[in-house]
**Student:** 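The following block contains the structure, expressed as structure tokens.
Hydrogens, waters and symmetry mates are skipped; everything else that's a heavy atom, side chains included, is used. Naming: A, B, ... by sequence-line order, numbering from 1 per chain.
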Amino acid sequence: MQENKNISFGHNEFNIQGKVKGAMASFFKRRKKSIQISKNEEPGSGQEKKKEETGPMQAGKSEESSAGKSGEASQKQPDALYTSLAANLDKIKRKTGNSPDVVIRPIKVGGAQAELETAVVYVKGLVDDQSIHDFLIESLMNNAELQKELSPEKAMKTIKDDVVAIGGIKSVKKWDDLFADLMSGNALILIDGSEEALMASTQGGQRRSVQEPTTNVAIRGSKESFTESLETNQAMVRRIINNPDLWVESMNLGKMTKTSVSIMYINGIAKKEIVDEVRTRLKQIDIDSILESGYIEQLIEDQTMTTFPTVYHTERPDAVAGNLLEGRVAVFVNGTPFVLLAPAVFIQFFQSVEDYYARFDISTAIRFLRVLIFFISLVGPAVYIAATTFHQEMIPTALAIIVAAQRESSPFPAFVEAIIMEVTFEILREAGLRLPKAIGATVSIVGGLVVGQAAVQAGIVSPAMLIVVAITAIASFATPSYAIAISARLIRFLFMVSAAMFGFYGLILALIMLIVHLCSLRSFGIPYMSPLAPVIPSELGDTIVRKPLWAFGKRPQLIAAENRTREGKNQKPKPPESRGMKHYTRKEEKDET
Amino acid sequence: MKRKWILFSTMMISMAFLSGCWSKKELSELALISAVGIDRDEDGNYMKAIQIINPGNVSSGLQGGGGGQAPGVTVITAEGKSIVDVHINASAEISRQLYHPHANLIVIGEDLAREQPLNTLLDSFDRNAEFRNTAQLVIAKKSPAADLIKVLSPVEKLPSEKIYKTLDVTEKMRGENITVSLQDFIKTSASPGIEPVLSSFTLEGDVKEGKKQENIQQSQPETIVKADGLAIFKEDKLVDFYSGNMARGVVWILDRVKQTDVLLDWKKNKDAITYSVIRQSTSVSADTSKDLPEITVNVKAEGMIRETEAPVKLDDPNVIHELEKTAEKEIKEQLERTVKQTQNKKTDIFGFGQTVYRKDADKWKKLRNNWNDDYFPNLKVKVNVDAFIRRTGLRTAPNLSEIKEKYE
Amino acid sequence: MKVIGISFVLLLALMGVAAALDFFGGSPDLNASIRNIFNPFLVMETIEMVIFIFIVLCVFIPPVRQFFQKRNKSKQ
Amino acid sequence: MEKARISAFQLFILIVLFELGSAMIVPLAIEAKQGAWLAILIGAAGGCGIFLIYYALFRYYPDESPVHFVRHIIGSVPGKIVAFLYILYFLYLSARVVRDFGEMLITIAYVETPLFVLNLLMVLLAVYTIRKGIEVLARTGELLFIVLAFLFLSAFLLIAAGGTLDYGNLKPVMGEGLAPIVKTAFTQTIYFPFGEIFAFMMIMPYVTDPKKVKRTGLLAITASGFVLASIMAANTGVLGVELVNRSLFPLLATIQSIELADFLERLDVYFMLAAIIGGFVKITLFLYVSVAAAADLFKVKKPSQLAYPLGVVVLLLSIMIAGSLPEHIQEGIKLVPLYLHLPFQVILPALVLLVAFVRHKGRGKEGEAK
């Protein structure tokens, strides 16, 4: 019925791998057209680049042409640098609109007779001031070699090889590359008479330091959280997985922002099809700006008509490392501490890194609690509405009397009351979230305590309703992933409406519909509800329950590739034989080996 | 994709239309019924007393509310040709929709129960999904059912709750009543070879006083409702009331006794020793090999000595053994008396017929037609009792024995 | 259009089945059993009626739209 | 046919949910009195036998839908007619189940709500699911199965702990001998619910591992037979035969009689949840099968186009099918097994199998000759 749904997952391993390939193949078929287009675009700076040239710069077009005339006549390529330093600097100035933070520092090198005009160009704030001064400008000025007489080419070589004491240096010939590097914080060395420019990597500037995570807080585990810097973030993961198989691919996305985005995966563990799929989807993105990983998330997810997140995001390096080791692919985006992980499955949003750090029995109990919490936050008010307006017979009599007594004075029907309270609560939450921390606390006190108490005392809202709303609200806070909690918040209203119309019948139908919907979702070809549906028995141990760490045999079969062995056999700790009960201990040992 | 949207909007729009909502009822628009009492007046109309909960007066702790000022229930009465008719007529007296599912008590007047087979009376309760089949059924002894419902009760805020809980407790402690739900009653009356029994309640005092709030504002209420044995049915009509040991005998044979006390004679001291049965199990078996089946009732009781008014050496195992024998004899006698008397009434409330049916369905086919009148009264019923005394409380010998020794 | 046709044929056939079963079940004559098929629709509330018509009309939306799309295309 | 694949395990779950579907809420095989559970088990055994007929057919054409292969076997025109009749049969059964559930809801909780509206919601949900495809339905089934399993286990536990269960009610098992039990089994339970597994003929080709189909099918029928038998046994144990016989929905009464710890009572929602889940799966499967078959027969390119119109057909039919609940039930018990189930579930498939057998035998010989 749907073309891209031609696979299924049984528990047969062989089958599944074959199937996933099939899925990917079909997926490619579906997107063939667009891939072809992007391939055309890639190597040559064809239409796309031209558009860029003419697009944003149309205003300066006439000026540019005049500059071209006044400058060198030998314009082999429109994109190439000019030979004259003055013309180059002029172009840079015009292109950046004379912005004061683009610093142009002319330096004279060469012997006294044959002075060679050079200039260092960089963007203030993006560069590391110290390295510019110490290793670039100072070296250029004081280097003995450069005091000799030099041709531009020779000077270029000398500077490149001997002078600049900075790790990354390369030459650029095209304006596009030049500006891209300049704007990403590299320093530019231009020499009069050369068609090349040198690019020294001096990225730096002020950045937030590594701090504790604010969203995925864990009691136990690393206190590091990602920062806004892509390099730092990647390094943090590298520090955890010290393995050359941790591969990174980077690209720039966003026509205007040219945001650096990189894919990280572990070669041999991540499934090639999934990596390819992520890469293809990322390459297809054609948008002017990428401001946060949320942009990417929305542009690469499988289905847009859903409130459920099909890409996982986290700001914890250990969470990323753990998921990479399960075979997932991480997408880092410069400028945000949130790293995307794909493919994501539903149950993943109920798991936290801490589950693996704590003992399994405790983690299992907590995971059960989380699913319960999610369920409460989803259907809490709906059950109240259904029970009080349709199925009064299902409430135990004593409770029914109490609720009835409370409802006596309430002027609204239960549904309206519930909607009022839920909306009020959402307002409170939103207000508390956006305000400064100090005021936020006040809002929650005024809102929660004063309004709640007053509303009950005034008889506008029944206390039972308030309790239900409060429990629901707390439950939605307790879900470990904000992304899934917020979708539950939204769906809750749908449940309330259906419960208000048809009681439990409506509620149950809505629940079944939700399940159908969840089952129809996929994340990068992986069924969203796996390993619950389709059920993969060997992996049920890491879903709502978490089996002991020593029993984790394999990586998830839908996600991980060939290398699926996670740990050796017989990982169960065997303490040395202790005092007494020797017979028993020996017997046990025999059983296990 | 677009069509999916159409489908979705279709659903949403059609739902929006429905927000008028059939079957919807707000809790504050309902009159929660806690108990129903049914009688019949002289003209043959049904009279129904409906006890409605005033939630505000029942649940305390609410602002301004708090029980005690006004009664927790209101009783309205109505008449009609059929039960449903009465129900509809009653709604003229109350501003809210009468809501049955929380009614946990149905009281039937003695006169009505004697005249009409209860099964037909209860049809509307059973048929209607709104009634809970778990509601308890009791008989009002010597007074109209309506009176039982009207009397306010001390301790419990809801009179229905009072009766309901009394029944529960007295079944557990005394073993002279059994809780019979609507469903149990119908099940029993429809099953072959067994006749139903119900618990009965009586009124002590004046109804007029009992209706007033003052009744429960004194330390000793003027009027009170109390559990009083069993009502025995034959072909769904009330035939007799049992109380005391007779009632307990019935409950015992039905294997519903949980705890009870048996008074034992000890060496000329009548009822001198109280033997408390803590646990018991009773089974009825039938021997269908003969023309007329023979019934054996096996009782196994286990308990302790609670009270002694005669000097007994309770630390002596032989004495204990002797006491056990006495208890066995006593229980056996009581049960045999109960069976004998019931056989005279020609109604098989013990379900001996059912036992036969379950044992030997072919045999039962031959007997079933005149079971109650011909075969049941002539059954040979054997009662075997095994009574065990497990412990004797905190003390061994009664203080009496020492006193006696002192004076002797 | 094809879809509508199929549904209509199936509906008619099924009504036939229902009527036939009714007839076998002891309905006096075929006429009565046909009437028996339609009588649940006689007592309907306004809202119910509106929903009913709406639901049935929804069946026609996709084919009609398809039809118009095709015509527009052919015009072009 | 949709390009889909489901695993053998998913097939198992779908069959179990499907069999339980509406059978668990009605007084199944109550004509066998205390022996109802036995009649159900015999029916399940018979169902296994019927399933083997279907399986034999499936073995000849493991990759094709019955709509196709019936044409290969008995020729194009007769094949088309047979396929058309089966589509009618499936739609009719689908409508029956929809009606069952609508009536149940009205009777137990939604007295004032029109049947049409209750049915509508159910059908819309089924249509929504069908448009998502069989794979999604299979996965949904897996999750719903967990819910249902939880409900059953806890309900049995509560009934056992609540002390309402009286084993005596189950005696005498064969009060009137084995005859009524066998008769009930062969006139009712074998067709409803077990024979209805015929619908899975349309679904079997989707299974990844055709070799497992036989084992899965038999296992599923047996398992559902045991579950149904235990449900009926629990009903009889709690309510007694007479009450079960008089009840429209004995399971509801059974669950209502749970009263535990002054708190675990009034668990009607248990019943509603279980009933709606079962009903949903059954209705959706029947409707799915008819949509798939109709799309195949009439060569509709996108089967999902048919989902909504056929949903409306089922909806209308569910209203038209009978004037009253007793009529509906009487037709279901007396007429449908005789006039619809027997020919469509047993006679026709058996005949087709016979033809297929003869043809294939001939062909096999030809192959040898060559």
**Student:** Could I get the full list of ring pair (Phe, Tyr, Trp, His ring centres under 6.0 Å) partners for D:F84, not counting sequence neighbours?
**Tutor:** none
**Student:** Excluding sequence neighbours, so at least two apart, what forms ring pair (Phe, Tyr, Trp, His ring centres under 6.0 Å) with D:F69?
**Tutor:**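 For D:F69, the residues satisfying ring pair (Phe, Tyr, Trp, His ring centres under 6.0 Å) (neighbours in sequence not counted) are D:Y61.
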**Student:** Find out whether C:I51 and D:F116 are in side-chain contact, i.e. whether some heavy atom of one side chain is under 4.5 Å from a heavy atom of the other.
**Tutor:** yes
**Student:** Non-hydrogen atoms of chain C under 4.5 Å away: do they reach the side chain of D:L297, the backbone, both or neither?
**Tutor:** neither
**Student:** Where does D:V300 contact chain C at under 4.5 Å (heavy atoms): side chain, backbone, both or neither?
**Tutor:** both
**Student:** Which pair of non-hydrogen atoms, one from D:L88 and one from C:L14, has the smallest distance, and what is that distance?
**Tutor:**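 In terms of heavy atoms, the two residues are closest at O-CD2, 3.2 Å.
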**Student:** Donor-acceptor pairs between chain C and chain D under 3.5 Å, which ones?
**Tutor:**
from: C:K2; atom 1: NZ; to: D:F298; atom 2: O; distance (Å): 2.7
from: C:K2; atom 1: NZ; to: D:K299; atom 2: O; distance (Å): 3.0
from: C:N36; atom 1: ND2; to: D:E327; atom 2: OE1; distance (Å): 3.4
from: C:N36; atom 1: ND2; to: D:E327; atom 2: OE2; distance (Å): 3.2
from: C:I55; atom 1: O; to: D:Y308; atom 2: OH; distance (Å): 2.8

**Student:** At a heavy-atom separation under 4.5 Å, does C:F52 approach chain D through its side chain, its backbone, both, or neither?
**Tutor:** both
**Student:** Please classify the contact between C:I6 and chain D as side chain, backbone, both or neither, with a heavy-atom cut-off of under 4.5 Å.
**Tutor:**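 The side chain, not the backbone.
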**Student:** Heavy atoms only, distances under 4.5 angstrom: which of D:V336, D:V314, D:L316 has the most pairs with chain C? Name it, please.
**Tutor:**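 Maximum pair count with chain C is reached by D:L316.
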**Student:** State the CG-CG distance between D:L91 and C:L11, to the nearest 0.5 angstrom.
**Tutor:** 9.5 Å
**Student:** Is chain C contacted by the side chain of D:A322, its backbone, both, or neither, given a heavy-atom distance below 4.5 Å?
**Tutor:**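 Just the backbone, heavy atoms under 4.5 Å.
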**Student:** The criterion is side chain to side chain contact (heavy atoms under 4.5 Å, CB included); which residues satisfy it with D:A109, sequence neighbours excluded?
**Tutor:** A:H391
**Student:** Can you tell me which portion of D:L315 sits under 4.5 Å from chain C's heavy atoms? Options are side chain, backbone, both or neither.
**Tutor:** side chain
**Student:** Say you draw a straight line from CG of D:L310 to CG of C:L10; how long is it, rounded to the nearest 0.5 Å?
**Tutor:**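 With rounding to 0.5 Å, CG (D:L310) is 6.0 Å from CG (C:L10).
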**Student:** Tell me, out of D:L317, D:I321, D:L340, who's got the most heavy-atom pairs with chain C below 4.5 Å.
**Tutor:**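 Top option by heavy-atom pairs under 4.5 Å: D:L317.
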**Student:** Within the 4.5 Å heavy-atom criterion, are C:V59 and D:V313 side-chain neighbours or not?
**Tutor:**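 No - every pair of side-chain heavy atoms lies 4.5 Å or more apart.
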